[in-house]
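Computed from heavy atoms alone, side chains included, the values below leave out hydrogens, waters and symmetry copies. Read the numbers this way: they start at 1 and go in the same order the structure lists the ligands and their atoms.
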Amino acid sequence: MPTILDGKALAASIRRRIQEEAAKLPRRPGVAVILVGDDPASQLYVTNKIKDCGECGFFSRLIHYPVSVSEEELLGAISKLNDDAAIDGILVQLPLPASFNERRIIESISPAKDVDAFHPLNVGRMVQGDSVLWPCTPRGIGRLLDAYHICVDGKTCVVIGRSEIVGKPMGLLLLQRHGTVIYCHSHTQDLAAMTRLADILIVAAGRPGLITADMVKDGAVVIDVAMNRDPVTGKFTGDVCFDEVKDICSHITPVPGGVGPMTRAMLLENALTLARLHMGLLAFDKTSAALLEEYH
Ligand code: GUN
């Protein structure tokens with residue numbers, strides 16, 4: 001049996017630590033979450049985020065707009081939150097309904113309150129390798145690798161998916177840790193030939209059953225980011241055929257209970273980082289090795 005990377009347990013211990021750290025601050029960290037429309041999956045994610053904030057002693061605000069809200073109104077709400085001293089982190093749940101200019105909305109969030117690290121300034125810092133903020137999913141996967149002493153240095157890392165939220169920043173994080181990174185996506189010609197090279201395989205395609213045992217190298221570390229809801233059973237499954245791949249790999253994440261809880265915990269950690277910045281306890285330009293070690 002491989003080692004199961006238990007994101008649920010690790011996330012719970014991280015939340016406890018965050019709660020303790022937050023209690024030491026001069027005021028409660030504050031997070032605002034904006035949801036537009038009634039997508040059930042987005043509603044569930046947002047509810048969980050608000051619940052996590054409460055559990056860690058954070059102040060939180062959920063702002064829920066109908067799909068008919070205008071872009072100007074949304075921008076106005078973000079502008080107010082940018083100026084609100086009680087709010088350290090602003091999150092706009094993605095995807096937004098198709099009528100919205102997602103980039104314009106994300107760019108209107110102050111980079112200093114960009115708890116997702118999606119603003120171009122924070123993306124730029126990330127590309128340059130000196131950001132204190134990372135998007136939550138790659139950061140959570142990084143923490144999971146740390147917790148199980150999985151070293152990236154010199155390893156061949158294959159990332160399937162090139163989204164702004166997961167795939168692209170995931171590759172950058174692995175590169176920063178000195179991995180040799182291969183990005184695969186829907187135009188990749190021979191996916192199996194690529195995945196078989198992987199010492200560390202990160203799968204974020206959203207295609208159930210995509211990764212079968214014959215596509216995985218012996219002893220690989222397999223990280224399944226996907227959360228696909230089975231239309232018949234309603235249960236969540238990943239992109240990896242867990243039951244067959246588990247006999248080949250050395251480590252694997254379960255779905256659910258692997259990456260998902262880590263993503264949630266990293267939102268809190270990013271918010272705590274921003275709260276410390278706003279309270280003058282941390283500087284944006286303080287990019288020493290010690291700081292990076294503490295926050296990655
Ligand atoms: N939609 C799916 N994942 C995320 C995330 O990490 N942040 C935001 N804002 N939206 C998402």
> Taking atom types as modelled, is there a side-chain donor on Thr137 or Thr263 under 3.5 Å from an acceptor on the other?
Replying inline: yes
> Asn228 and Asp239: side-chain donor and acceptor closer than 3.5 Å?
Replying inline: yes
>> Is it the case that over 12 heavy atoms from other parts of the model lie below 6.0 angstrom from the CZ atom of Arg61?
In response: no
>> With heavy-atom distances below 4.0 Å as the criterion, list the atoms of ligand 1 near Leu91.
In response: 9 (N)
> Counting only N and O atoms by type, is there a donor-acceptor contact under 3.5 Å from the side chain of Tyr65 to the main-chain atoms of Gly37?
Replying inline: no
> Salt bridge or not for Glu164 and Lys168, using N-O below 4.0 Å?
Replying inline: yes
> Any idea which atoms of ligand 1 are less than 4.0 Å away from a heavy-atom of Phe118?
Replying inline: 7 (N), 8 (C), 9 (N)
> Does Ile87 offer a backbone N or O that forms a donor-acceptor pair with the side chain of Lys113 under 3.5 Å?
Replying inline: yes
>> Can you confirm, on distance only, whether ligand 1 has an N/O atom lying under 3.5 Å from any N/O atom belonging to Thr137?
In response: no
> Does Asp116 reach ligand 1 with a nitrogen or oxygen that is under 3.5 Å from one of the ligand's nitrogen or oxygen atoms?
Replying inline: yes
>> Can you tell me which portion of Tyr45 lies within the under-4.0 Å heavy-atom range of ligand 1? Options are side chain, backbone, both, or neither.
In response: neither
> Heavy atom under 4.0 Å from ligand 1: found in Leu94's side chain, backbone, both, or neither?
Replying inline: both
> So which of Val92, Ile165, Asn270 gets nearest to atom 4 (C) of ligand 1, if we judge by its closest heavy atom?
Replying inline: Ile165
